[in-house]
2 protein chains.
Amino acid sequence: MNLHRALKELKEKGHKYTDKREDLLRFFYEHNGYRTARDVKIMMEDKYPGISFDTIYRNLHLFVDLGLLEVTELEGEKHFRMKCESKHHHHFICLDCGKTKEIHTCPMQQVSGELQDYSVENHKFEIYGKCPACK
Amino acid sequence: MNLHRALKELKEKGHKYTDKREDLLRFFYEHNGYRTARDVKIMMEDKYPGISFDTIYRNLHLFVDLGLLEVTELEGEKHFRMKCESKHHHHFICLDCGKTKEIHTCPMQQVSGELQDYSVENHKFEIYGKCPACK
DNA sequence: CGTTAAATCGGAATCATTCTTATTTACAAA
DNA sequence: TTTGTAAATAAGAATGATTCCGATTTAACG
């Protein structure tokens with residue numbers, strides 16, 4: 001998902017363009033990894049002093065609903081990142097900087113046999129550690 | 001992990017025996033699945049009116065530290081279950097009742113090649129949906 | 001029994017997140 | 001360009017899970 005396409009999609013779905021939304025999306029576009037609402041707030045406060053958490057969360061969730069961002073829960077806090085372009089995959093997540101690396105192994109094919117009578121709704125496979133830069 | 005061994009371990013590590021601790025462990029022993037602190041509180045309030053969340057959380061975390069319970073984060077809330085006996089595996093988790101099914105597929109072997117320069121600390125693979133009873 | 005550290009209680013505090021109400025703004029239509 | 005309207009925002013209160021704190025109680029050991 002690139003910035004231009006994300007903004008276009010926003011408009012097409014009938015949502016308004018605001019500088020805050022562009023900056024928020026750009027923030028994620030420029031960072032290949034997961035960030036929290038708090039991270040976003042700190043980044044935004046320079047340009048928009050007094051921006052409220054409400055605005056940030058509202059937009060983050062809107063963007064998740066529109067498929068522009070992805071969300072995962074990490075240590076009791078929601079973390080967001082730009083939606084990946086490529087086909088289904090999982091992530092290594094650096095616990096220091098939040099940067100991610102795509103993992104192209106998905107265990108769900110092998111698993112299906114074990115869950116005959118179950119209705120599977122979704123799954124989560126994440127690997128945590130330190131990236132080369134933070135190690 | 002069975003109840004008797006859990007209580008024995010508690011004692012051996014220098015912790016005190018209390019009825020509350022036994023009941024708490026029994027609760028998990030008798031339920032093959034994840035439960036929240038709130039679930040525990042509701043269960044305990046019959047016998048111990050006025051039991052505090054502090055006591056429950058303190059014990060839950062103590063038990064996790066001792067390896068008697070496992071914990072996972074689900075929809076912004078910590079969920080606990082009796083520590084599994086068997087070797088490394090993952091879980092299907094029913095989003096209705098919290099019951100689990102062991103999944104004996106672990107993708108980490110295939111993944112190692114993708115993470116040469118990374119330091120891997122842990123990983124999470126969980127499958128969510130409805131169990132046959134709740135479906 | 002008496003001592004003592006551990007456990008508990010009760011309630012305040014914290015942290016992430018959501019809600020409420022009033023105000024402002026983007027943008028479409030006149 | 002002006003204006004009407006729904007959407008977006010601000011500010012702060014409210015919520016829900018979890019943790020902390022000070023005072024009190026209790027298990028366990030000698």
Side-chain angles (χ1 to χ4, degrees), chain A residues 6-27 34-66 68-81 98, chain B residues 6-27 34-66 68-81 98:
Chain A
L7 288 167
K8 186 154 161 277
E9 194 132 338
L10 196 61
K11 178 147 226 168
E12 281 168 359
K13 296 269 174 61
H15 299 278
K16 293 185 181 173
Y17 165 87
T18 68
D19 287 345
K20 292 190 186 68
R21 287 181 167 174
E22 172 167 349
D23 288 353
L24 196 162
L25 285 170
R26 190 198 325 282
F27 174 67
Y34 281 103
R35 310 307 299 261
T36 64
R38 176 167 300 275
D39 293 332
V40 174
K41 183 141 189 288
I42 289 167
M43 178 279 292
M44 302 269 273
E45 267 170 345
D46 286 344
K47 193 163 162 188
Y48 309 100
I51 186 170
S52 75
F53 266 116
D54 187 56
T55 297
I56 290 167
Y57 279 111
R58 189 168 13 78
N59 284 323
L60 287 172
H61 288 131
L62 171 64
F63 296 161
V64 170
D65 290 347
L66 293 178
L68 309 180
L69 294 180
E70 298 178 21
V71 61
T72 193
E73 189 118 12
L74 212 45
E75 291 165 346
E77 203 171 354
K78 290 202 177 81
H79 288 60
F80 302 84
R81 60 157 290 141
Chain B
L7 288 167
K8 186 154 160 278
E9 193 130 338
L10 196 62
K11 177 151 224 165
E12 282 169 359
K13 295 270 173 60
H15 299 278
K16 293 184 179 172
Y17 165 86
T18 69
D19 286 346
K20 291 191 187 68
R21 286 180 167 174
E22 172 166 351
D23 288 354
L24 196 163
L25 285 169
R26 191 199 323 282
F27 175 66
Y34 281 102
R35 311 305 300 261
T36 65
R38 174 167 300 276
D39 293 333
V40 174
K41 184 144 191 285
I42 289 167
M43 177 278 293
M44 303 269 274
E45 267 169 346
D46 285 344
K47 192 163 163 187
Y48 310 101
I51 186 170
S52 74
F53 267 115
D54 187 53
T55 298
I56 289 167
Y57 278 111
R58 189 168 15 77
N59 285 322
L60 287 172
H61 288 132
L62 171 65
F63 296 162
V64 171
D65 290 346
L66 293 177
L68 309 181
L69 294 180
E70 300 179 20
V71 60
T72 193
E73 188 115 17
L74 214 43
E75 292 165 346
E77 204 172 353
K78 290 201 177 82
H79 288 60
F80 303 84
R81 60 157 290 139

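Convention: sequence-line order gives letters A, B, ...; per-chain numbering from 1.
Between the C1' atom of dA16(C) and the CZ atom of Arg35(A) lies a distance of 17 Å, rounded to the nearest Å. Remark: P of dA8(D) and OH of Tyr57(A) are 19 Å apart, rounded to the nearest angstrom. Atoms OH (Tyr48(A)) and C1' (dT25(C)) sit 14 Å apart, rounded to a whole Å. In this entry the distance linking CD1 of Ile56(B) with C1' of dG10(C) reads 13 Å, nearest Å. As a whole-Å value, the separation of Ile51(A) CD1 from dT23(C) P is 21 Å. Between the NZ atom of Lys41(A) and the P atom of dC15(C) there is a distance of 14 Å, given to the nearest Å. The interatomic distance linking Glu73(A) (CD) with dG16(D) (P) rounds to 17 Å, in whole Å. Atom pair Phe53(B):CZ and dA12(C):P shows a separation of 16 Å (rounding to whole Å applied).
The residue among Asn59(A) and Lys78(B) whose nearest nucleotide of DNA chain D is located toward the 5' end is Asn59(A). Looking at which nucleotide of DNA chain C each of Gly14(B) and Asp54(B) is closest to, the 5′-most match is held by Gly14(B).
One distance of note links OG of Ser52(A) with NZ of Lys41(A); it measures 8.0 Å at 0.5 Å rounding. The CG atom of Leu74(B) lies 9.0 Å from the OH atom of Tyr34(B); values are rounded to the nearest 0.5 Å. A distance of 9.0 Å separates CZ of Phe27(B) from CD1 of Ile42(B), quoted to the nearest 0.5 Å. Taking CZ from Phe63(B) and CG from Leu24(B), the interatomic distance works out to 5.5 Å, rounded to the nearest 0.5 Å.
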What nitrogen or oxygen pairs link the protein and nucleotides 27-30 of chain C at under 3.5 Å?
from    : atom 1 : to       : atom 2 : distance (Å)
dC27(C) : OP1    : Tyr17(A) : N      : 2.9

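In this structure, Arg38(B) does not reach the dG16(D) phosphate: none of its side-chain N or O atoms is under 4.0 Å from OP1 or OP2. Distances shown here put every side-chain N or O of Arg58(B) at or beyond 4.0 Å from the OP1 or OP2 atom of dT19(D). Contact annotation: Thr55(B) does not reach the phosphate of dA7(C) (side-chain N/O to OP1 or OP2, under 4.0 Å).
Comparing dT9(D), dT18(D), dA16(C) against the side chain of Lys20(A) picks out dT9(D) as the nearest.
Within 4.0 Å (heavy atoms only), His61(B) reaches sugar-phosphate atoms of the nucleic acid but no base atom. The residue Arg21(A) sits close only to the backbone: its heavy atoms come under 4.0 Å of sugar-phosphate atoms, none of a base.
Closest heavy-atom contact between Met44(A) and Lys20(A): CE-O, 3.6 Å. Smallest separation of non-hydrogen atoms from Arg21(B) and Leu62(B): NH2-CD2, 3.5 Å.
Inspection of the Tyr17(B) and Asp19(B) side chains reveals an N or O donor paired with an N or O acceptor under 3.5 Å.
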